**Student:** 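Please see the structure below; I have some questions.
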Amino acid sequence: MTDSAPKSLYGPGDWAGDPARDLGAPGRFPFTRGPYPTMYTERLWTMRQYAGFGTAEETNLRFHHLLAAGQSGLSTAFDLPTQMGLDSDHPLAEGEVGRVGVAIDTVDDLALLFRGIPLDQVSTSMTINATAAILLAMYVVVGEEQGVSPGALSGTIQNDILKEYIARGTYIFPPAPSLRLIGDIFRYVSANGMNINPISISGYHMREAGATAAQEVGFTLANALEYVRVGVAAGLPVNSFGPRLSFFFAAHNNLFEEAAKFRAARRLWARLVQSRFGADDKTARLRFHTQTGGVTLQAQQPLNNVVRVTVQALSAVLGGTQSLHTNGFDEALALPTAEAATLALRTQQILGYESGVADTIDPLGGSYFVEALTDRIEAEALALIEEVDALGGAAEAVSRGHFQEAIAKSAWEAQQRQEAGAQVVVGVNRFTDDEPSPVIAMPDFAELAARQRLRLAAVRTGRDAGRTESALAAVRGAAEGTDAIMPKILEAVRSRATLGEISDVLRDAWGTYRPGR
């Protein structure tokens with residue numbers, strides 16, 4: 001999907017930019033050509049395949065499989081109860097335990113998830129938002145119990161609550177306390193010198209919900225500006241936490257538009273954060289993870305998804321991504337099989353080691369077409385950011401439904417184009433056949449959930465109940481007052497308080513978010 005139709009031919013007159021001002025050199029402001037001077041010529045992007053399903057045991061096996069296949073970083077998917085702060089034995093978790101990710105109720109589950117994986121040697125990304133503080137605390141405690149100090153841990157927590165209100169829906173608390181908790185995480189990571197990105201500001205889920213390329217950039221950076229304001233309001237100098245901000249974008253099918261989108265996002269962020277906050281180059285250097293487009297995967301003729309994923313991955317690499325997840329071709333049908341997950345990883349490895357795409361930096365730089373696209377996306381995204389500014393910033397724009405309405409309109413327009421045949425989807429609205437979609441065997445989720453509940457009950461029985469109650473009371477006191485919350489959550493995790501119990505304390509203190517109220 002394109003934001004506007006390109007011309008059939010581009011030439012020197014189609015790019016009015018200044019090479020020194022708008023392009024510069026790789027690793028130099030405004031970072032259009034890449035955040036680092038040597039890019040992939042010395043080190044490839046991190047191949048970070050997203051995995052998580054069932055219980056910690058099953059996901060641990062998949063992690064070991066992917067690492068043995070050459071993956072260079074872990075990325076964890078959590079089930080919906082974990083994302084929503086519900087233990088696996090909660091009535092509302094019924095039927096959802098382990099379905100879209102791994103179930104984590106206690107720190108012992110997380111320790112099992114990383115069994116046999118030294119946390120000082122592998123970086124880990126965790127797609128978790130409303131309960132990010134709890135999962136970060138669990139990760140720290142698992143490290144402690146492995147003998148790994150917090151400063152030796154590396155990775156990223158998503159922790160981007162604004163896009164949950166906008167597009168994804170796994171929020172718990174109202175915006176104000178949620179943003180307070182994010183500021184507290186920023187302080188904790190900074191104070192402990194952790195090599196953890198305390199937030200991954202995500203355009204991916206907005207794009208999956210129907211945002212255009214320009215909306216993905218504009219709305220993501222508008223949210224990022226709000227998070228910078230949160231950090232500054234928490235008493236942190238922008239350059240003390242700014243270099244640890246990371247971003248997460250989607251890669252869809254339009255090869256050149258997607259590559260230009262990534263270049264535009266880097267340049268626009270550098271200019272915005274420098275002009276508005278006086279950020280230094282380390283803070284202005286936008287670094288991002290990319291995932292190929294889940295919404296672009298089709299159940300019809302699913303092997304076609306191998307080609308889609310390859311094109312999307314190529315756009316991310318041409319755009320200068322720092323890490324990449326490539327989807328399995330069967331994910332429109334079920335959780336990816338081991339075969340599909342391995343093929344997705346091999347796709348990245350073939351791009352990195354066989355295609356020649358890593359032999360030179362920013363190979364699309366200087367293309368009249370790509371530079372014109374980069375300029376156009378930057379200009380359109382900046383206009384969207386200025387609209388958000390006029391509403392009072394991203395948090396206020398969320399409360400007014402501004403993002404949600406704009407994305408819904410774009411999604412409807414895209415669906416209309418597809419149904420009219422103006423947007424071709426091979427195997428769906430053109431070049432179709434009558435072959436049924438394959439059936440992929442599913443795990444026995446009822447049996448899986450029963451095992452998870454038994455393990456949870458064993459933890460509750462074996463812990464020091466007095467210590468746990470005292471730790472939860474301390475979390476409540478911090479939430480209701482002004483003390484830092486992260487140290488209290490850490491002690492609760494050490495006492496074997498569950499994710500649901502900690503979340504319930506925060507629910508009692510802060511309430512839950514209801515859109516439109």
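Atoms considered below: every heavy atom in the structure, side chains included; atoms not considered: hydrogens, waters and symmetry mates. Source: prediction; values computed, not measured.
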**Student:** Evaluate Lys488 against Glu491 for salt bridge (charged side-chain N to carboxylate O under 4.0 Å, His left out), listing each step before the verdict.
**Tutor:** CA-CA 5 Å; Lys488 311 302 183 185; Glu491 183 52 37; over 6 Å; no
**Student:** Less than 4.5 Å apart, side chain to side chain, heavy atoms only: is that true for Lys282 and Asn239?
**Tutor:** no
**Student:** Drop me the distance from Phe248's CZ to His325's NE2, to the nearest 0.5 angstrom.
**Tutor:** 8.5 Å
**Student:** Does a salt bridge link Arg453 with Glu447, judged by any charged N lying under 4.0 Å from a carboxylate O?
**Tutor:**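 Glu447 and Arg453: not salt-bridged.
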**Student:** Where is the tightest heavy-atom contact between Thr106 and Leu456, given as atom of each residue plus distance?
**Tutor:**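 Closest approach of Thr106 to Leu456: CG2-CD1, 4.0 Å.
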**Student:** Is a donor on one side and an acceptor on the other found under 3.5 Å between the side chain of Thr347 and the backbone of Leu343?
**Tutor:** yes
**Student:** Less than 4.5 Å apart, any side-chain heavy atom of Leu113 and any of Val102?
**Tutor:** yes
**Student:** Before we go on, tell me: are the rings of Trp269 and Phe247 under 6.0 Å apart, centre to centre?
**Tutor:**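 Centroid separation for Trp269 and Phe247: below 6.0 Å.
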**Student:** Give a yes or no answer on whether the side chain of Asp362 reaches the backbone of Arg33 with a donor-acceptor pair at less than 3.5 Å.
**Tutor:** no
**Student:** Kindly determine whether Glu164 and Thr170 satisfy side chain to side chain donor-acceptor pair (under 3.5 Å), including the steps that lead there.
**Tutor:** CA-CA 6 Å; Glu164 295 296 326; Thr170 63; 2.5 Å; yes
**Student:** Mind listing the closest non-hydrogen atom pair of Tyr165 and Ser178 along with its distance?
**Tutor:** OH-OG, 3.1 Å
**Student:** If you look at every heavy atom in Thr131 and Thr82, which pair is closest and at what distance?
**Tutor:**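 In this case the closest contact between Thr131 and Thr82 is OG1-O, 3.1 Å.
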**Student:** Check the pair Lys163, Tyr204 against side chain to side chain contact (heavy atoms under 4.5 Å, CB included), reporting the backbone distance first and the verdict last.
**Tutor:** CA-CA 9 Å; Lys163 69 94 175 51; Tyr204 181 87; over 6 Å; no
**Student:** Does any non-hydrogen side-chain atom of His64 lie less than 4.5 Å from one of Ile117?
**Tutor:** yes
**Student:** Would you kindly say whether Thr283 and Arg285 are connected by a side-chain donor-acceptor distance under 3.5 Å?
**Tutor:**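 No, Arg285 and Thr283 have no side-chain donor paired with an acceptor closer than 3.5 Å.
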**Student:** Should Leu490 and Val140 count as side-chain neighbours, where that means a heavy-atom distance under 4.5 Å?
**Tutor:** yes
**Student:** What's the separation between atom CG in Asp184 and atom CZ in Phe186, rounded to the nearest 0.5 Å?
**Tutor:** 11.0 Å
**Student:** With a 3.5 Å distance limit and no angle check, can you tell me whether Gln71 reaches the backbone of Gly73 through a side-chain donor-acceptor pair?
**Tutor:** yes
**Student:** Is the shortest side-chain heavy-atom distance between Glu94 and Leu86 below 4.5 Å?
**Tutor:** no
**Student:** Main chain of Val148, side chain of Asp120: is a donor-acceptor contact present, judged purely on distance under 3.5 Å?
**Tutor:**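 Checked: no pair found.
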**Student:** Between Thr326 and Gln49, is a side chain to side chain donor-acceptor pair (under 3.5 Å) present by the stated rule, with each step listed?
**Tutor:** CA-CA 7 Å; Thr326 34; Gln49 291 298 102; 3.1 Å; yes
**Student:** Within the side chain of Arg287, is there an N or O that forms a donor-acceptor pair under 3.5 Å with the backbone of Pro243?
**Tutor:**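 Side chain of Arg287 to backbone of Pro243: a pair is present.
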**Student:** Could you check whether Asp444 pairs with Arg451 (Lys NZ or Arg NE/NH1/NH2 to Asp/Glu carboxylate O, under 4.0 Å)?
**Tutor:**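 No, no charged N to carboxylate O under 4.0 Å.
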**Student:** Heavy-atom count check: over 12 atoms from other residues, nucleotides or ligands less than 6.0 Å from Glu396 CD?
**Tutor:** yes
**Student:** Going by the side chain to side chain contact (heavy atoms under 4.5 Å, CB included) test, name the single residue among Met206, Glu208, His205 that passes it with Arg168.
**Tutor:**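 Among Met206, Glu208, His205, the one meeting side chain to side chain contact (heavy atoms under 4.5 Å, CB included) with Arg168 is His205.
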**Student:** Yes or no on side chain to side chain contact (heavy atoms under 4.5 Å, CB included) for Ile201 and Phe288, after CA distance, side-chain angles and deciding distance?
**Tutor:** CA-CA 9 Å; Ile201 305 152; Phe288 67 97; over 6 Å; no
**Student:** Do the charged groups of Asp89 and Arg460 touch, with an N to O distance under 4.0 Å?
**Tutor:**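 Looking at Arg460 together with Asp89, the answer is yes, because their closest N to O distance falls below 4.0 Å.
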**Student:** Kindly assign one of parallel, tilted or perpendicular to the pair Phe249 and Phe262, based on the angle between their ring planes and the thresholds 30° and 60°.
**Tutor:** tilted
**Student:** Are there more than 12 heavy atoms of other residues, nucleotides or ligands under 6.0 Å from atom CD of Glu145?
**Tutor:**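 Yes.
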**Student:** So does Glu258 pair up with Arg207, basic N to acidic O under 4.0 Å?
**Tutor:**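 Judged by the 4.0 Å cut-off on N to carboxylate O distance, Glu258 and Arg207 do form a salt bridge.
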**Student:** Can you measure from CD1 (Ile128) to CD1 (Ile157) and round to the nearest 0.5 angstrom?
**Tutor:** 9.5 Å
**Student:** Give a yes or no answer on whether the side chain of Ser275 reaches the backbone of Arg271 with a donor-acceptor pair at less than 3.5 Å.
**Tutor:**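 Checking the backbone N and O of Arg271 against the side chain of Ser275, a donor-acceptor pair under 3.5 Å is found.
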**Student:** Within a 6.0 Å radius of atom CZ on Arg43, are there more than 12 heavy atoms belonging to other residues, nucleotides or ligands?
**Tutor:**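 12 or below, so no.
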**Student:** Could you check whether any side-chain N or O of Arg48 sits under 3.5 Å from a backbone N or O of Ser123, counting only pairs where one atom can act as donor and the other as acceptor?
**Tutor:**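 It does hold such a pair.
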**Student:** Ion pair present between Glu96 and Arg99, side-chain N to carboxylate O less than 4.0 angstrom?
**Tutor:** no
**Student:** Measure up the Tyr513 and Tyr171 rings against each other and bin them: parallel (under 30°), tilted (30 to 60°), perpendicular (over 60°).
**Tutor:**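 Answer is perpendicular, since the angle exceeds 60°.
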**Student:** Evaluate the side-chain proximity of Phe173 to Leu506: yes if any heavy-atom separation is below 4.5 Å, no if none is.
**Tutor:** yes
**Student:** Please give me the minimum heavy-atom distance between Gln452 and Ser88, naming the atom from each residue.
**Tutor:** CG-OG, 3.3 Å
**Student:** What's the spacing between Tyr227 OH and Ile199 CD1 if we round to 0.5 Å?
**Tutor:**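 Between Tyr227 OH and Ile199 CD1, I get 4.5 Å after rounding to 0.5 Å.
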**Student:** Passes side chain to side chain donor-acceptor pair (under 3.5 Å), Trp510 versus Glu480? Steps please.
**Tutor:** CA-CA 8 Å; Trp510 293 338; Glu480 292 176 344; over 6 Å; no
**Student:** What I'd like to find out is whether the side chain of Thr127 reaches to under 4.5 Å of the side chain of Thr76, using heavy atoms alone.
**Tutor:**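 Thr127 does not reach Thr76 side chain to side chain.
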**Student:** Can you tell me which residue among Lys261, Arg267, Arg266 is in a side chain to side chain contact (heavy atoms under 4.5 Å, CB included) with Arg263?
**Tutor:** Arg266
**Student:** To check you understand the geometry: which heavy-atom pair defines the closest contact between Thr321 and Tyr40, and what is its length?
**Tutor:** O-OH, 2.5 Å
**Student:** Could you give the distance from NE2 (His65) to OG1 (Thr59), rounded to the nearest 0.5 Å?
**Tutor:** 13.5 Å
**Student:** Judged by atom type as modelled, is there a donor-acceptor pair below 3.5 Å linking the side chain of Asn60 to the main-chain atoms of Ala56?
**Tutor:** no
**Student:** Using the salt bridge (charged side-chain N to carboxylate O under 4.0 Å, His left out) rule, pick out the option among Arg62, Arg115, Arg455 that qualifies with Glu57.
**Tutor:** Arg455
**Student:** Check whether any side-chain heavy atom of Tyr36 sits under 4.5 Å from a side-chain heavy atom of Ile361, and report yes or no.
**Tutor:** no
**Student:** How far apart are the C-alpha atoms of Gln312 and Asn327, what are their side-chain angles, what is the distance that settles it, and do they pass the side chain to side chain donor-acceptor pair (under 3.5 Å) test?
**Tutor:** CA-CA 10 Å; Gln312 293 165 11; Asn327 289 328; 5.3 Å; no
**Student:** Between atom OG1 of Thr292 and atom OH of Tyr50, what is the distance when rounded to the nearest 0.5 Å?
**Tutor:** 12.5 Å
**Student:** Could you check whether any side-chain N or O of Asp105 sits under 3.5 Å from a backbone N or O of Asp87, counting only pairs where one atom can act as donor and the other as acceptor?
**Tutor:**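 A pair under 3.5 Å: no.
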**Student:** Checking the side chain of Gln83 only, and the main-chain atoms of Phe78 only, is there a donor and an acceptor separated by less than 3.5 Å?
**Tutor:**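 Here the side-chain-to-backbone pair exists.
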**Student:** Of all heavy-atom pairs between Gly203 and Thr220, which one has the smallest distance, and what is that distance?
**Tutor:** CA-OG1, 2.9 Å
